[in-house]
Amino acid sequence: AMSAPPVLGSATARIVGRRRCSKRLAFYDLRELIDVSADVRAVLDSVARLHEEKFAETEERERPENDDAAANPECAVELVAKAHTVCFSDELALAVAQKTSLKLGNVVRVFGSWTISESHLGGRSVELNSVTSIEVLSRWQETNPGEFFQKLTVAGVEVKQIKNEGTRTKTKDKVTNEGTHSADSHDTQQNNLPCKFWINQGQCHKGSSCRFAHSAERGAEAKKWIGERRARRRAAQVEEMKRNDVIYNEGSDAHDTATGTGTHSLKTKSHRAAIFATWLVDTFGLETLRKGTGVLDVAGGRGDVSWELFAKLGVPCTLVEPRQRKLNKAQHRWMKRKLERGLENKDAGTDGPDRTKAGGTEQGMGTDKVTGTEDGTEPEAPDLTSQFLCPQIRAEFCGENFAQFKHCSVVVGMHPDQATEVIAEFALLHDKPFAIVPCCVFPTLFPDRRVWEAGENVPGLGGETEVETNGKEIAVAKLEQLVTYLAAKLTGQVACLDFEGANRVVFGGNRETTRRGDEILH
């Protein structure tokens, strides 16, 4: 509730805190106010006197020589940054201001409507509403290069830390750029969990105020922390798969569905391309995969899936990825061994496998194979490893180039990110078998995705069970919801691959093309 009419005025202050509520609303804490206009000073003095009366019995408060009430740490000001106002015309203007002017540590000159607000608990504070102008006088990054702004280390204000229950001590612990703590601060944190910012970056923007431990042995602590986190995630994923009664691929000993026992070991992410490629062969069959121009690998990234299919399994493929493919060390070693064996076979009078029919330049699909340059000149030296690389189209997969790929056998995507929706549209438009392993959801980019959230089952009359009619459509914001959405849109099945991470594959196609179906996850 407002306890006093607002006044118009200006002041210079430092931004020491922020709370972003949405794209249209954010709150910023201002302190170290100077050069305050007369009307605004009256508001600040009024709140300062109330604070002094409230805390007089517990703690003495010294006032600055210039009698500036804003120097009192309790006399903070809350700036309300709201879109569709005079200073912030829309959400974009507010976002620009947050990235340029409203940065922690910046000293700004603000003009607007100042008022005293009262909370429901009886506390009073100063709010700066209807901001009309913000001028940056000093930027923290320019005056303190390489240092993070510490909210508690406000100039001229001693930081209070509760060290033991019922006792307060004043400290002036300096927080360095490396994120180290003083001895007293470190003692209170040595039994805490490690700080993820300190482990990953070697520094923490919270400094000594961080409630997590900043170990001196960062390398060993990071290795331990990453290992424990990976084990927890893997165990949680296995438990989820058990709850959904997931059956792994044939030949896997990870889960014995008859006894409910097994090692439940999941392969690491480095094996997911090979596992997915093998699953495609087992599910659709080599004959189906080799039809037409072969498998269409959309948003394949480094090209690992198409590599496994084309180089190792002899399945013709086309990689659609704007970025240049990049082979890893293991793939280079594999090619080197194959080339050495090929030379040995040639010396012995035998030829190696002919891969041009499987996906060389005969397809005319933009292969990486070096056959000549656009001006007709011969290349300096042929790349012998290109025989193991399938054609690549370095372009975005969109409706404009769908017709170029209509003769593919199956369209697949391993963690295709933003291209997930486009793959689904292509499969529907051209009635193609598909296999998509979704990962990132991107709810802001695809706000129209919806799934049905059913109500809870409740007992009905006569002992029967009926479903409540309070179900509703909700926006897709989680991976589980994205999998459900794709399965419903494509009328597909959902199977689980035995590697850690996002491992559910939505697949389907004509009945004559799909040889085997895995268990459906609900």
Test of understanding: with side-chain hydrogen bond (donor to acceptor under 3.5 Å, both in side chains), list the residues that count as partners of Thr268, not counting sequence neighbours.
Ser270, His271
Under the side-chain hydrogen bond (donor to acceptor under 3.5 Å, both in side chains) test, which residues partner Glu78, sequence neighbours left out?
Arg19
Ala277: which residues meet the side chain to side chain contact (heavy atoms under 4.5 Å, CB included) condition with it, sequence neighbours left out?
Glu308, Leu309, Leu313
Exceeds 12 heavy-atom contacts within 6.0 angstrom, atom CZ of Phe197
no
For Thr85, give me all partners under side chain to side chain contact (heavy atoms under 4.5 Å, CB included), at least two apart in sequence or on another chain.
Lys82, Phe88
Name all residues meeting the ring pair (Phe, Tyr, Trp, His ring centres under 6.0 Å) criterion together with Tyr485; count only those two or more places apart in sequence or in a different chain, and write none if there are none.
none
Evaluate whether atom CD of Glu217 has more than 12 neighbouring non-hydrogen atoms of other residues, nucleotides or ligands under 6.0 angstrom away.
no
For Arg323, what residues pass the side chain to side chain contact (heavy atoms under 4.5 Å, CB included) criterion, not counting sequence neighbours?
Glu321
Restricting to side-chain hydrogen bond (donor to acceptor under 3.5 Å, both in side chains), what partner residues turn up for Arg449, sequence neighbours left out?
Glu421
Heavy atoms of other groups near Glu396 CD, more than 12 under 6.0 Å:
no
Identify, with sequence neighbours excluded, every residue that meets ring pair (Phe, Tyr, Trp, His ring centres under 6.0 Å) alongside Phe426.
Phe397, Phe402, His430
Within a reach of under 6.0 Å around CZ of Arg230, are more than 12 heavy atoms found that belong to other residues, nucleotides or ligands?
no
Can you name the side chain to side chain contact (heavy atoms under 4.5 Å, CB included) partners of Val136, sequence neighbours left out?
Ser101, Asn106, Val108, Arg139
Within a radius of less than 6.0 Å around CZ of Arg302, do more than 12 heavy atoms belonging to other residues, nucleotides or ligands occur?
yes
Is it the case that atom CD in Glu91 sees more than 12 heavy atoms from other parts of the structure closer than 6.0 Å?
yes
Check salt bridge (charged side-chain N to carboxylate O under 4.0 Å, His left out) between Lys224 and all other residues, then give those that pass, not counting sequence neighbours.
none
Excluding sequence neighbours, so at least two apart, what forms salt bridge (charged side-chain N to carboxylate O under 4.0 Å, His left out) with Glu228?
none
Checking Phe27 now: which residues fulfil ring pair (Phe, Tyr, Trp, His ring centres under 6.0 Å) with it, not counting sequence neighbours?
none
